[in-house]
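Since the structure comes first, as structure tokens, the remarks are kept for the end.
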Amino acid sequence: MSSRGSTFAVSGTAAALLTLTACSSATTGTASGPPGAVPAAAATSSPDAGAPPGAEILGRPGVGEPFKLTIGYTDTPKLDEFEVTVDEVRCGEPLDPKVLAHAADSVTVPSPTPTPEDGKQFCVVTMEVLNTGKGEADWSADGASTLNVDDTAYSPTQSDNDLAKAYEEYRSDQGEADPSSGINPGSKGPEHGIFQIPAGDRPTTLWLASAHLLETINGVEPGYLVQLTPTD
């Protein structure tokens, strides 16, 4: 897991994973950040840019700043509670070769290295998720997040979610807890989101719904608009 406050500048079968199409070019990190960290983007035109229309914005944390997700259910009084920290967002780099090698070990037929769609780049979001509730609970970003370039929101595709799941499976085999599979109170583990945005673009915000989905029968869910730009 990357340390908190890393400079920003972002499941399916393994066989399906390895037939996907990772960008071979890497962006240059900022002078104060690690190589490959996405440089800071220009400020968005609106403070709400990136949030789903009509969504309640619960907060605007920055990279490395923890925030609380509280998830309720219509058929039970149970509440799931998590503390989430976005550690870093990296765009334009090849996907982690250790993750890809781990995924390749589970298939019998070699497949091409995953690459993004034409004109797109992968962005890998790394988060830490801590269960602060009263019982075992699971949460993943795959259906509850968008990576935004100003007011244009990019959701992960199923193929992107397959790649993110490969990251979770690799980290789990390294002995780390997997929030998407359920973690106990007081336990924490890494969560990843993988998105594809136009090559050369820089993401400005990350939307994370305080729910399992962006929208439910109750309407658009509230969430946090994580700022990926300088706030000073």
Side-chain angles (χ1 to χ4, degrees), residues 9-27 36 38 41 49-53 55 84 86 88-97 99-104 106-107 109 111-127 129 138-172 178-181 190-216 220-221 223-226 228:
V10 202
S11 329
T13 64
L17 159 70
L18 293 174
T19 58
L20 299 176
T21 65
C23 182
S24 61
S25 64
T27 57
V38 180
V84 178
V86 176
E88 72 173 2
V89 182
R90 303 177 76 88
C91 294
E93 296 184 345
L95 299 177
D96 191 330
V99 172
L100 300 182
H102 180 269
S106 63
V107 298
V109 179
S111 299
T113 299
T115 57
E117 300 169 14
D118 289 345
K120 297 288 186 70
Q121 61 179 330
F122 282 131
C123 290
V124 181
V125 179
T126 303
M127 295 165 275
V129 179
D138 64 89
W139 182 81
S140 67
D142 56 8
S145 61
T146 64
L147 188 66
N148 313 305
V149 179
D150 292 323
D151 60 356
T152 302
Y154 296 90
S155 298
T157 65
Q158 183 57 56
S159 296
D160 298 332
N161 288 336
D162 290 343
L163 289 168
K165 186 61 179 177
Y167 274 72
E168 313 310 341
E169 291 172 348
Y170 171 74
R171 300 291 288 270
S172 179
D178 180 2
S180 67
S181 297
E191 173 67 13
H192 296 82
I194 295 184
F195 304 82
Q196 295 186 50
I197 68 172
D201 280 4
R202 299 175 181 178
T204 51
T205 60
L206 172 71
W207 175 259
L208 289 173
S210 190
H212 290 290
L213 297 171
L214 294 172
E215 186 171 358
T216 67
V220 178
E221 293 291 336
Y224 289 85
L225 192 61
V226 182
L228 307 181

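Note that the structure is a prediction, hence the values are computed from the model and not measured.
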Looking only at non-hydrogen atoms, find the nearest pair between [X] and [Y] and report the distance.
X      : Y      : answer
Lys120 : Gln196 : CB-OE1, 3.8 Å
Asp138 : His212 : O-CE1, 3.0 Å
Pro198 : Gln121 : O-NE2, 3.1 Å
Pro52  : Val220 : CB-CG1, 3.8 Å
Pro203 : Val149 : CA-CG2, 4.1 Å
Glu168 : Pro190 : OE1-O, 3.1 Å

Has [X] got a side-chain atom pairing as donor or acceptor with [Y]'s backbone, closer than 3.5 angstrom?
X      : Y      : value
Glu191 : Val84  : no
Ser145 : Ala141 : yes
Thr126 : His192 : no
Trp139 : Ala211 : yes
Asn161 : Gln158 : no

Margin query: With rounding to the nearest 0.5 angstrom, report the OG to OH distance, Ser210 to Tyr224.
Written below: 6.0 Å
Checklist line | Gap separating the OG1 atom of Thr204 from the CG atom of Asp151, nearest 0.5 angstrom | finding: 8.5 Å
Next item on the list: Could you walk me through whether Ile197 and Leu147 pass side chain to side chain contact (heavy atoms under 4.5 Å, CB included), step by step?
Entry: CA-CA 8 Å; Ile197 68 172; Leu147 188 66; 4.1 Å; yes
Notebook entry, point to check: Which residues pass the salt bridge (Lys or Arg N to Asp or Glu O under 4.0 Å) test with Asp178, sequence neighbours left out?
Noted result: Lys165
Note to self: Applying ring pair (Phe, Tyr, Trp, His ring centres under 6.0 Å), can you list everything that pairs with Tyr154, at least two apart in sequence or on another chain?
What the structure shows: none
Item checked: Heavy-atom check, side chain of Phe195 versus side chain of Thr157, under 4.5 Å -> no
Margin query: I'd like to know whether Thr205 forms a side chain to side chain contact (heavy atoms under 4.5 Å, CB included) with Asp150, so could you lay out the CA-CA distance, the side-chain angles of the two residues, the decisive distance to 0.1 Å, and finally the verdict.
Written below: CA-CA 7 Å; Thr205 60; Asp150 292 323; over 6 Å; no
Next item on the list: Could you tell me which residues satisfy side-chain contact (heavy atoms from CB on, under 4.5 Å) with Thr146, sequence neighbours excluded, listed by chain and number?
Entry: Asn148, Ala153, Ser155, Trp207, Leu214
Checklist line | Worked verdict on Val124 versus Tyr167 for side chain to side chain contact (heavy atoms under 4.5 Å, CB included) | finding: CA-CA 10 Å; Val124 181; Tyr167 274 72; 4.1 Å; yes
Check: Who pairs with Thr216 by side-chain hydrogen bond (donor to acceptor under 3.5 Å, both in side chains), at least two apart in sequence or on another chain?
Finding: Glu221
Next item on the list: Start with the C-alpha gap between Val125 and Ile194, add the side-chain angles, then the distance that decides, and say whether side chain to side chain contact (heavy atoms under 4.5 Å, CB included) holds.
Entry: CA-CA 6 Å; Val125 179; Ile194 295 184; over 6 Å; no
